[in-house]
Student: 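Let me give you the structure first, and then I'll get to my questions.
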Amino acid sequence: MSARAKVRAALRSYIVPPLWMFAIAMPIMGLLKSMVSAGLLVAGLILYRTLKGPKSIGAVRRGGYQEAVARYMHGQLPGYLRRYGPALVLAVSIVLPLFMNNYDIDVFTSALFYTMLALALNLLVGNIGLLNLGYIAFYGIGAYTYAILHAMLGLGFWDAVLPGGVMAAVVSLVIAIPTLRLKGDYLAIVTLGFGEIVRIVFNNWDSLTNGPNGIMGIPRPSLLGLQLSTGIRFFYLTLAFVIVEVYVLYRIDRSRLGRYALAINENEQASEMVGINTYRVKAIYFMLSAFFGGVAGVLFASKQMFVSPDSFTFIESVYVLAMVILGGMGNIAGVIAGAFTLVVLPEMLREFVLYRMLIFALLLITMMLFRPEGLLGRRAYHDR
Amino acid sequence: MRILIQQIINGLTTGSVYALIALGYTMVYGIIELINFAHGDIYMVGAYGGLIALTLLGTMSTALHLSGMGALLVGLMAGMLLAAAYGFTVEKLAYRPLRKASRLSLLITALGVSLFLENFVMIGQGASDKTYVSIGMLNRNFIVGGVSITMSQIVIFIAAFAIMLGLDLFINKTMTGRAMKAASQDPVTVQLVGINTDRIISLTFVIGSALAGAAGVLVGFYYGVINFSIGYLAGMKAFTAAVLGGIGDIGGAMVGGLVLGLLESLGAAYLSSEYKDAFAFIVLILLLLIRPSGLFGSSRS
Amino acid sequence: MIGSSILSISNLSLMFGGLKALDSVDIDMKKGEVLCIIGPNGAGKTTLFNCITGFLRPTSGNIVYDGGTELTGKKPYQIAGCGIYRSFQNLALFNQLSVLENMLIGGLKRKDLSYGILDAMLATPTFKSVEARLRQEALEILRFTGIVEKSGRKAGELSYGERKLLELARGLITKPKLFLLDEPAAGLNPTEKAELVTVIRRIREQEINVVLIEHDMRFVSDIANWIVVLDYGKKLAEGLPDDVKKNRAVIEAYLGT
Ligand SMILES: Nc1ncnc2c1ncn2[C@@H]1O[C@H](COP(=O)(O)OP(=O)(O)O)[C@@H](O)[C@H]1O
Ligand SMILES: [Mg+2]
């Protein structure tokens, strides 16, 4: 390349884009912030080029990291880590809260809630490849089911857990039966619209849901005479729910049902050809995913002791989806990691509260550009 | 009867706004099969663009003294320009690198872009409602037989239709326009014929965004307030309009917008005003289930 | 029962718009036969398979399977459930999954290799033994088709010939009664073709009825014992391989007029 061509190339890649960004950010952001964003862009571009460069150190590192992940995925990780990893994580999550203050326990509990949701959504998005953009509606239905059952019939937490899950599953079936035949994108839109409708109903069906004010006075559960009202006790209850969910999902993954999903996600036509009723399996997955969402909703209502439509907005659905994507679709460990990252990280960035969602959005976009399969990659191979 | 006519007028007004936004959805979908979630936010950016330009002008212009018409045009221009610039950039930075990626990645990116734009504007312009510049001329109100129609409604009609007419001429009468249309109907062949698809896609985003930007400015004048989150609902409704008209179909999007506007305002008057915002979603769901090809569309498979 | 029909197609027609892709086709296939369908490109052979397997719905006509089951109107998965497996001309594998996983998916619908939800949830001995047997059978079939050493690789990474073999292997694990093969030899080199013939022979030995679409007359004469010739959607001729080879109309259709 001649010197002039080099200069021109540098101009094109490092000067023009930031100038352009500056120009279009200016009217909205004002002078200072636009300059900062243009500067960040230059930094980003340089970083990008280095990482993507053919012989850069970054490329080597990336390769090394990907290889390590691949090794993990293929089960070549040292046996003891595979075997004792989950137990270790579990032990830490049992012991750690004993040394935490109430606030941190609350954050931890919230991470567990999102873990429940993300795992259940992952069943749909990661395992069978159906995008649901209104997922939070099932959480809401579970929560409201408990609230209403308590307000009307005085039912307690343990009596509401199953009805909450079942209610969500039944409603999901109502939406799934007609929509599962739609093409992928359309399914996403229908679920989005469904989520909105559910929220609008929560907001307006005053006689049942008390409208925007929500329902108060929902009791915390007790177990064997022990009132689970303190933060740490409730944490352990939530943890128990998560453990049960993880176990069930893990078993599903390793059994026939999981294999059905895997096949459908990969190639629907071939699945039909080996005799899989793809429609039915999809409906089952839809229901399972909603069921877990509903159960989590019951738990959520009892944690908050209060439900209102504000907890179930579209952005919450996006948030849960992002957790699934961040960690690695179809990968249980990845999804848990994703949920914790997206709950704990913003807590650590409290000073930047204004920029939180902006950073989150950028994270989503860059993930899709550079590592669409998520940090830990797609689901692990079980069968090699 | 009076209520009916009033609701029809109101419905056609919001409907023509939906139509303007729906065009961008439909054009983009036609060409890259992406449901561009960020499109509603481009509309919001356009609304801010108009406001910012007019505010700037307002602080300088007691001397210049723009006529109502001049301010209107300046606002529209600025909004369209800014929206177009954003649409262009979004396509180039976020969507283009994913041309060959999975649909899911693309859809999620679009969600990310939508969220980004919302928060970007919120940080720059604040989270509270902004009062739009008020132009005296637009606030005139005519009452005919008990039915009120404002000047801003008339302006929205005229502007929307002028813009759509312009688009129609562009698409059918110019070479570039025809290439665009062809690309949206059959992207593969167009590439074979040697048309630069990247350019066409860019152009589609620019035009679609400009139309959304115009809609943003018009809505700003009409309702008098805007905020950073208006894009979500408007975007969803416009998307519904696009589906109503048969996604990918430009003429359909215009009609779809008007139909949806009417449905909404009549539904609010005669069925339930609380569920007004749910109508669009219900219509959308029913439509996708019953006639995914749109109300008038023949299915393109 | 030797001599009864495994597949009888009567008066089958299918229109694509104005095009008659199949035009009143009658085929009767006896149990124990290797039926071969030949014909020039675009004759409607793949379309015939699509009708049998439920991927296309014929405009008119009937397809009766194994003496009494009407196939028309059934969905692909139901037809597969009746014991019919088909390979695709352009392959339909789970490319991102391992070869073994492809096999295990093939075995999903096996009645003799199933377990209940509770077994799966609790990983009971039944679950474990069924999974182990399934795996073992999968490996056996892979060995039999000669690709067992690739069992850990992604299906998409295999060579074209190996992928074709995998599609056959996956078919075998479903334990079909009727096996439809769409141009299995196309794109294979002579060695691979020879291997394929062996595999098909051995499929035949397992009392699986085979229908085969093929171009290569040598290949056909090697294994077929009945031939149906399609041309422009019509049945042009049928008979024993040697008779069909001498048929004037067939020669014309192939050489062009
Ligand atoms: N899905 C389809 N839509 C329209 N025409 C088709 C379709 N599939 C096949 N055809 C046409 O039907 C005829 C038969 O095709 P096919 O069965 O694939 O032939 P072959 O004998 O080579 O397998 C061809 O003319 C083909 O173009
Ligand atoms: Mg063929």
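Reminder, nothing fancy here: chain letters follow the sequence lines and each chain counts from 1. Everything quoted here is computed from the prediction, not taken from an experiment.
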Student: So, taking the atom named CG in B:Leu82 and the one named CE in A:Met26, what distance separates them when rounded to the nearest 0.5 Å?
Tutor: 11.5 Å
Student: Which bit of A:Met21 is near chain B, if near means a heavy-atom gap under 4.5 Å: side chain, backbone, both or neither?
Tutor: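 The side chain, not the backbone.
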Student: Of the backbone (N, CA, C, O) and the side chain (C-beta and beyond), which part of B:Leu34 lies under 4.5 Å from a heavy atom of chain A, both, or neither?
Tutor: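 Contact with chain A is absent: no heavy atom of B:Leu34 under 4.5 Å.
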Student: Please tabulate, for the side chains in residues 74-81 of chain B, all donor-acceptor contacts under 3.5 angstrom to protein atoms that are two or more places apart in sequence or on a different chain.
Tutor:
none

Student: Below 4.5 Å, heavy-atom pairs only: which of A:Ile365, A:Leu363, A:Ile28 has the largest tally toward chain B?
Tutor: A:Ile28
Student: Taking non-hydrogen atoms and a cut-off under 4.5 angstrom, which of residues 225-237 of chain B neighbour chain A?
Tutor: B:Tyr232, B:Met236
Student: Looking at B:Leu115, B:Leu284, B:Ile282, B:Val45, which one has more heavy-atom pairs under 4.5 Å with chain A than the rest?
Tutor: B:Leu115
Student: Who wins among B:Ile123, B:Leu104, B:Val121, B:Thr109 for the most heavy-atom pairs under 4.5 Å with chain A?
Tutor: B:Ile123
Student: Between A:Ile175, A:Ile197, A:Leu133, A:Thr366, which shows the greatest number of heavy-atom pairs under 4.5 Å with chain B?
Tutor: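 Highest number of pairs under 4.5 Å: A:Ile197.
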Student: Which one of A:Leu364, A:Ile200, A:Thr179, A:Ile359 has the most heavy-atom pairs closer than 4.5 Å to chain B?
Tutor: A:Ile200
Student: Determine whether more than 12 heavy atoms belonging to other residues, nucleotides or ligands lie under 6.0 Å from atom CE of A:Met35.
Tutor: no
Student: State, with a plain yes or no, whether a side-chain heavy atom of B:Phe37 is found less than 4.5 Å away from one of A:Ile189.
Tutor: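 Yes, close enough: below the 4.5 Å cut-off.
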Student: If we only count heavy atoms from C-beta on, is the A:Met367 to B:Ile108 side-chain gap below 4.5 Å?
Tutor: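 No, every pair of side-chain atoms sits at 4.5 Å or beyond.
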Student: Go through the atoms of B:Tyr29 and report whether side chain, backbone, both or neither lie under 4.5 Å from a heavy atom of chain A.
Tutor: side chain
Student: Against chain B, label A:Ile325 side chain, backbone, both or neither, depending on which of its atoms sit under 4.5 Å from a heavy atom there.
Tutor: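 Side chain only.
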Student: Output the option from A:Val318, A:Leu321, A:Ile315, A:Leu192 having the highest count of non-hydrogen pairs under 4.5 Å with chain B.
Tutor: A:Leu192
Student: Side chain, backbone, both or neither: which part of A:Ala23 has a heavy atom under 4.5 Å from chain B?
Tutor: neither
Student: Would you say CZ of B:Arg99 has more than 12 non-hydrogen atoms from neighbouring residues, nucleotides or ligands within 6.0 angstrom?
Tutor: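 For B:Arg99, atom CZ is crowded (more than 12 foreign heavy atoms under 6.0 Å).
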Student: So which part of B:Leu106 gets closer than 4.5 Å to some heavy atom of chain A, the side chain, the backbone, both or neither?
Tutor: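 For B:Leu106, no heavy atom lies under 4.5 Å from chain A.
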Student: For B:Phe88, is it the side chain, the backbone, both or neither that has a heavy atom under 4.5 Å from a heavy atom of chain A?
Tutor: side chain
Student: Which one, A:Val201, A:Leu362, A:Leu358, leads in non-hydrogen pairs under 4.5 Å with chain B?
Tutor: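 Among A:Val201, A:Leu362, A:Leu358, the one with the most close pairs to chain B is A:Leu358.
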Student: Nearest heavy-atom pair of B:Gly112 and A:Ala361: which atoms, and what distance?
Tutor: O-CB, 3.4 Å
Student: When rounded to the nearest 0.5 angstrom, what distance separates CD1 in A:Ile24 from OG1 in B:Thr89?
Tutor: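 If I round to the nearest 0.5 Å, the distance is 3.5 Å.
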Student: Would you compute the distance between atom CG of B:Asn119 and atom CZ of A:Phe360 and round it to the nearest 0.5 angstrom?
Tutor: 10.0 Å
